[in-house]
Every structure is written in structure tokens, then in C-alpha cells.
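Each remark here refers to the structure printed beneath this line.
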Number of protein chains: 2
Amino acid sequence: MNERKRQVLLTAQRLFINKGFSTTSVQDILDESRISKGTFYNYFSSKNECLIAILEHARNEASVRRRELLIGQDLSDKNILIEQISIRMHVNREQNLLPIYEAVFHSGDDDLKTFIKNMFLAEFSWLSKRLVDVYGKEVAPHAADCAVMFFGMMQQLLHVWSAVSKEEIDTSKLVSFVMRKIDSIISGMIDANDIFLHEDVFHKLNSDQGEEMETKAQLLERLTGFLELLGEETRPAAKQYVQFLLDELRTECPRVFVLESVVRSFREAFVGLSHEPEAHELAYKVWSYVDSKG
Amino acid sequence: MNERKRQVLLTAQRLFINKGFSTTSVQDILDESRISKGTFYNYFSSKNECLIAILEHARNEASVRRRELLIGQDLSDKNILIEQISIRMHVNREQNLLPIYEAVFHSGDDDLKTFIKNMFLAEFSWLSKRLVDVYGKEVAPHAADCAVMFFGMMQQLLHVWSAVSKEEIDTSKLVSFVMRKIDSIISGMIDANDIFLHEDVFHKLNSDQGEEMETKAQLLERLTGFLELLGEETRPAAKQYVQFLLDELRTECPRVFVLESVVRSFREAFVGLSHEPEAHELAYKVWSYVDSKG
DNA sequence: CATTTTTTGGACTATCGGTATAATATATTC
DNA sequence: GAATATATTATACCGATAGTCCAAAAAATG
């Protein structure tokens with residue numbers, strides 16, 4: 001992705017946050033980022049596509065940080081899950097995306113609608129899986145219900161809070177509060193075999209919606225391309241992570257725990273550097289690949 | 001309210017349901033209801049005001065039916081509460097209002113935003129009170145949390161259901177399901193004194209947002225006006241309810257239980273008649289008055 | 001320097017919500 | 001029934017919107 005395009009994206013994001021999506025005109029973006037109309041529509045095929053790019057970036061951001069939290073940790077640690085959920089909330093709040101999600105969910109554009117829908121369903125699917133990790137496999141039949149209710153409670157409490165209170169909300173307090181409610185709910189559901197949604201509501205989504213997975217070859221190609229991109233001014237310490245990832249991935253059976261550790265260090269090494277965005281993007285790709293294998 | 005205006009309102013509602021609010025243009029409404037632009041803007045000062053009129057009508061509809069359900073019943077009967085909640089869901093579904101609420105909640109128009117916001121907060125406030133009715137006054141400190149979570153769970157489950165399933169949702173099954181979750185949650189909250197929202201988050205709303213209450217004199221005036229409006233073709237049986245309500249209200253201390261019964265019969269007597277809308281409106285006013293006194 | 005790619009800026013289209021108005025139709029009143 | 005008041009119509013108009021198109025200028029590339 002072009003550097004200028006990224007600037008435009010950031011400007012658009014800032015405007016959407018401050019003024020709202022529908023009330024921000026394309027002209028506003030043009031004025032603010034000092035580009036011409038032609039350039040904008042060269043970058044994005046429409047205002048909606050521009051928004052989608054922003055949302056995708058936020059999703060990847062949250063995704064990477066969530067995965068890094070799990071490195072070397074116990075999957076069943078409830079506090080880790082709380083932190084992971086808080087991360088999404090933080091990203092959403094920092095970027096003020098929640099209103100955008102909802103404002104756009106019922107908009108006229110079908111692409112935009114299905115994009116947001118899939119985003120939400122993917123989130124539910126993820127939380128379902130994690131709830132089984134934490135509470136054990138006997139909650140599997142109820143995981144979908146619980147995941148959906150979790151988000152429902154959280155989102156609605158958040159709405160009311162911001163509608164009636166001026167104070168900044170305490171994110172982890174909210175997440176912990178809702179998690180305790182799930183604690184209370186779960187045993188009763190299991191005892192009474194109380195189910196509303198089918199257990200496998202999200203299975204179909206995982207297969208057809210999942211962003212196109214890259215092949216190992218494509219991933220290696222991206223990494224080598226990135227390595228060549230790095231000039232002499234980049235610290236060798238930063239470069240060596242890329243080289244290591246390449247070597248490890250090329251082995252017959254790459255060690256997952258090693259990849260996990262190194263990809264995090266790799267991303268962190270590029271924070272603040274000029275190629276941070278590309279590094280982040282790559283980290284996301286590697287994580288996706290690792291997840292698909294493990 | 002003019003008869004023609006009501007027709008326009010119904011047409012607009014149908015279009016909003018079928019095409020969505022933002023994607024329905026004023027021109028669409030004009031074409032469909034065969035009126036001119038001038039007439040439309042004579043009826044409504046804007047497209048948003050037109051929507052507000054629709055939403056207000058739906059709210060009154062649900063409100064009247066809910067109150068009627070309570071006549072002669074035990075306030076603490078949980079099944080009645082379930083029915084009452086189902087009513088709102090039915091009205092919303094019949095009129096497909098949920099998407100409209102959400103689509104509009106983050107729109108640019110401030111009037112519209114605060115209208116919807118107040119509508120939701122009034123709903124939370126109502127449910128808080130009813131939860132105390134049902135579960136006892138010791139849940140009062142947690143009623144706001146529970147009410148908000150109730151709606152959060154319900155709404156999110158509804159979203160997912162309609163996103164992944166073609167079948168029509170079983171409303172009372174959903175409401176009962178969520179109510180059972182509240183059952184599970186409440187005792188734990190009381191034991192641990194677990195609170196997120198303040199108990200009185202909604203109190204402020206009730207005072208300043210509450211639609212302008214009519215004085216007794218205004219109410220009597222409306223009733224007499226309605227009585228005069230009724231021509232000779234109206235059945236005396238229908239008229240006598242109005243006369244009775246007038247007499248009872250004029251007494252020093254109107255008996256609430258009598259008003260409750262009669263106002264329901266009054267409304268039912270006009271179902272299908274030409275003055276049904278006005279009768280419904282009046283029933284709503286009387287209910288509001290009764291509630292404010294009782 | 002020559003070629004290719006990107007960027008520019010403005011003209012243009014169609015639609016939107018909303019305003020203004022003058023002419024016409026429908027009620028109401030005397 | 002005539003006079004008056006009110007409601008409705010049709011249409012032109014406004015400013016703002018998202019998006020298209022294109023020729024010229026600028027910048028990057030070999």
C-alpha cells in the first residue's frame with residue numbers, strides 16, 4: 001500500500017471519528033488530505049470502500065494484539081480472555097468505530113452490509129471458541145448463545161453508559177462485569193440443556209467468509225520482498241527477525257511456538273520505524289498462517 | 001390528525017419497512033401516496049419528522065397493549081412481564097422498526113437522535129420498574145443493569161438469528177430464554193452486591209423527557225370533543241364508554257380500576273370503526289393520566 | 001531524454017432534502 | 001350561491017451529495 005494512500009486513509013479515519021461517516025463528505029476528505037478527487041477515486045472505488053479499508057485495518061490491529069496475548073499462556077486462563085476482549089473494545093474506542101459499525105450496518109450498500117455482518121459473525125465465532133477454551137468442552141453446545149449474549153450485554157451497557165454519563169468508561173471493569181454474568185449463566189444452561197441458537201451457527205461462516213488464506217509460497221514471497229525493501233538504514237537487529245522467520249517457515253515442520261515468539265518481536269522491532277505498517281501487515285499474515293496450521 | 005395525513009403516514013411506513021429509511025426518498029413517498037411535495041411538507045416539516053410520527057405511533061400502540069395486559073393481574077407475575085416484552089417485539093417486528101431505530105440512531109439529525117435515545121431509555125426505565133415488580137424490591141439496585149442486559153441479549157440474539165436463519169423467530173421463546181438468564185444472574189448480583197450502572201440512571205430521564213403530560217382539564221376537553229365528533233351512525237354502545245369515562249374522570253377521586261377496565265373496552269369498541277385512530281389516541285392519553293395518578 | 005504512471009482540477013450527471021410560489025381545487029361561512 | 005379561507009398541486013429552484021470523465025500537468029521510471 002502506497003504511503004500517500006495510507007495518509008489519506010488516516011485522514012479519512014480521523015474525519016469519520018470526529019464527524020461521523022455519513023456526515024463526512026468525500027470533499028471533506030479531499031480538502032483535509034490535500035488530494036484531488038481523481039486521486040481519491042484512484043485509491044478507493046467508493047467512499048464505502050474507503051471505510052472498509054479502515055475497518056479492515058482496525059480488525060487486523062486487534063487480531064494481532066489478541067494473538068500475541070496468548071503466547072506461552074494457558075488457553076483456559078479467564079483473565080487472558082478478559083484482556084483479549086478488552087483489546088477489541090480499546091481499538092474500537094480509540095478509533096470510535098462502534099458508531100460507525102452500527103450506522104453503516106443498515107445502510108443501502110450491500111457490500112458494506114455484508115462486510116460488517118461478517119465482521120460481527122467472525123467475532124462471535126472467535127468468542128465461542130475461546131469460551132470453550134476457558135469453560136471446558138461441556139459448554140460447547142451453549143457457546144454460541146453465550147458469545148452473542150456477551151456482546152449484547154456489553155454493547156448495550158456501553159451505549160447506556162455513554163448516553164447518561166460524561167465519565168470515560170472503565171473498559172476492563174465492564175468486561176469483567178459481563179464475564180461474571182456469563183459465569184452465573186453457564187451452569188444453569190448446562191443443567192437445563194437450555195439452548196437457543198444452534199451450536200454450529202458460525203461454522204458455515206468460517207469456511208466461506210474467511211479472508212482468502214495465503215499459501216505458504218505467497219507468504220514466503222512477501223517476506224523476501226519485504227527483506228529486499230529494507231534499506232541499509234534499517235537496523236540489522238530488525239532485519240534478522242525477517243530472515244529467521246523465512247528460514248523457520250522454509251523448514252519442513254516450522255515450530256509454532258518459535259514463530260509465535262519471533263513474529264511478536266519482529267513486529268515490535270518495527271514500531272516507530274518507517275516500515276511499521278508493512279511489518280504489521282506481515283505479522284498479521286504470519287499469524288493467520290500459523291493459526292491455520294495449528 | 002387528518003385522514004389523508006394518516007394515509008401518507010402508512011404509506012411512508014410501508015416504504016421505510018420495505019426499502020429502509022435512508023434509501024427511501026421523499027419522492028418515493030410522494031409517488032406512492034399520490035400527493036405533491038407541497039402537501040408532504042405541509043404535513044411534516046421534514047422527512048425525519050415523518051419518521052418520528054411513525055415511531056411515536058408504534059410506541060403508543062405497544063404502550064396501550066402492555067397496560068391492558070396488566071388489568072386485574074398480579075404485578076409480580078413473571079409470565080405477564082414476558083408477554084409485555086413480547087408485545088413490543090411483535091410491534092417492532094410487524095412494523096420492522098428495529099433496523100430503523102438503529103439506522104437512525106447515529107444519523108446526522110440531532111432531533112432524531114435524541115428522540116430515539118429517549119425512546120430506548122424510557123424502555124429501559126420501564127423494564128427496570130417491572131423487574132422490581134417481579135423479583136422484589138431487593139433487586140432495585142441491580143434493576144438498571146438487568147434491564148439493559150436484557151435488551152442487549154435479546155437484540156443481539158435477534159440479530160444473529162435473522163442473519164443466519166431463514167425461519168421466522170419464535171418471539172416468546174426468545175423472551176423466555178433471556179428471562180431465564182436474568183433468573184440465573186440476579187441472585188449472584190445481589191449476593192455479591194455487583195453493580196455496574198447506578199441505580200438511578202434513568203430517573204432524570206423520567207422527569208424531563210416524559211412527553212408533556214396533559215392536565216385533567218385538557219383530557220376532559222379532548223373527550224368531550226371526541227364525543228361531539230361522533231355522528232349518529234356510531235353505535236350508542238360505543239359512545240356510552242366515552243360518556244362514562246367523562247363522568248368518572250369528573251368525580252373528585254376517579255376509581256383507577258374502573259377506568260382501567262372501561263378504557264380498554266372503549267378502545268376495543270372502536271376497533272374497525274372509522275374513528276379507531278382517534279379512540280386509540282385517547283386511550284393512550286387516559287392511560288398516561290391514570291399512570292401519573294396511580 | 002523518453003516513456004509510463006500518477007495526480008490534478010474542473011466540468012458534468014443524477015439524486016437528494018428542502019424552499020418558494022403562483023395557480024387551482026376544496027371547504028367553510030355568510 | 002357567492003365570498004372567503006384553507007388545502008393541494010405542479011413546477012422551478014437551491015445547495016449539497018457521490019460518483020464519472022477527461023485532458024493536461026507532474027512525477028517517477030528506464
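Per chain, numbering begins at 1; letters A, B, ... match sequence-line order. Since the model is a prediction, treat every value here as computed from it, not as a measurement.
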Inset, instruction - Determine yes or no for a side-chain-to-main-chain donor-acceptor pair under 3.5 angstrom, with A/T114 supplying the side chain and A/D111 the backbone. - result: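 Yes.
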From C-beta outward on [X], which listed nucleotide comes closest to its side chain: [options]?
X     : options               : value
A/K47 : C/dG18, C/dT7, D/dG19 : D/dG19
B/V26 : D/dT9, D/dT20, C/dG17 : C/dG17
A/N42 : D/dA18, C/dT8, C/dT6  : C/dT6

Inset, instruction - Name the residue closer to the 5' end of DNA chain D, choosing between B/T39 and A/D28 according to the nucleotide with the nearest heavy atom. - result: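 Whichever sits nearer the 5' end wins; that is B/T39.
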Is any side-chain N or O of [X] closer than 4.0 Å to OP1 or OP2 of [N]?
X     : N      : result
B/S25 : C/dC16 : yes
A/R34 : C/dT8  : no
A/Y43 : C/dT7  : yes
B/R4  : C/dT26 : no
B/S36 : D/dT9  : yes

Spacing of [X] atom [atom1] relative to [N] atom [atom2], expressed in whole Å:
X      : N      : atom1 : atom2 : value
B/F40  : C/dC16 : CZ    : C1'   : 13 Å
A/D31  : D/dA18 : CG    : C1'   : 15 Å
B/D111 : C/dG17 : CG    : P     : 17 Å
A/L30  : C/dT7  : CG    : P     : 13 Å
B/F44  : D/dT8  : CZ    : P     : 12 Å
A/E49  : D/dA18 : CD    : C1'   : 14 Å
B/N2   : D/dT6  : CG    : C1'   : 12 Å
B/Q27  : C/dA14 : CD    : C1'   : 13 Å

Legend entry - A/R222 with A/E281: basic N within carboxylate O range, under 4.0 Å: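 Salt bridge absent between A/R222 and A/E281.
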Legend entry - Donor/acceptor link under 3.5 angstrom from A/K37 side chain onto base of D/dG19: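 Counting by modelled atom types and ignoring angles, a donor-acceptor contact under 3.5 Å is found here.
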Inset, instruction - Quickly, which of B/K117, B/R59, B/R66 forms a salt bridge (charged side-chain N to carboxylate O under 4.0 Å, His left out) with B/E123? Name it, please. - result: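 Among the candidates, only B/R66 passes.
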Legend entry - CZ on B/R34 to OG1 on B/T39, rounded to 0.5 Å: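 Spacing of OG1 (B/T39) from CZ (B/R34) equals 14.0 Å.
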Inset, instruction - Report yes or no: do A/S25 and A/D28 form a side-chain donor-acceptor pair below 3.5 Å? - result: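 Yes.
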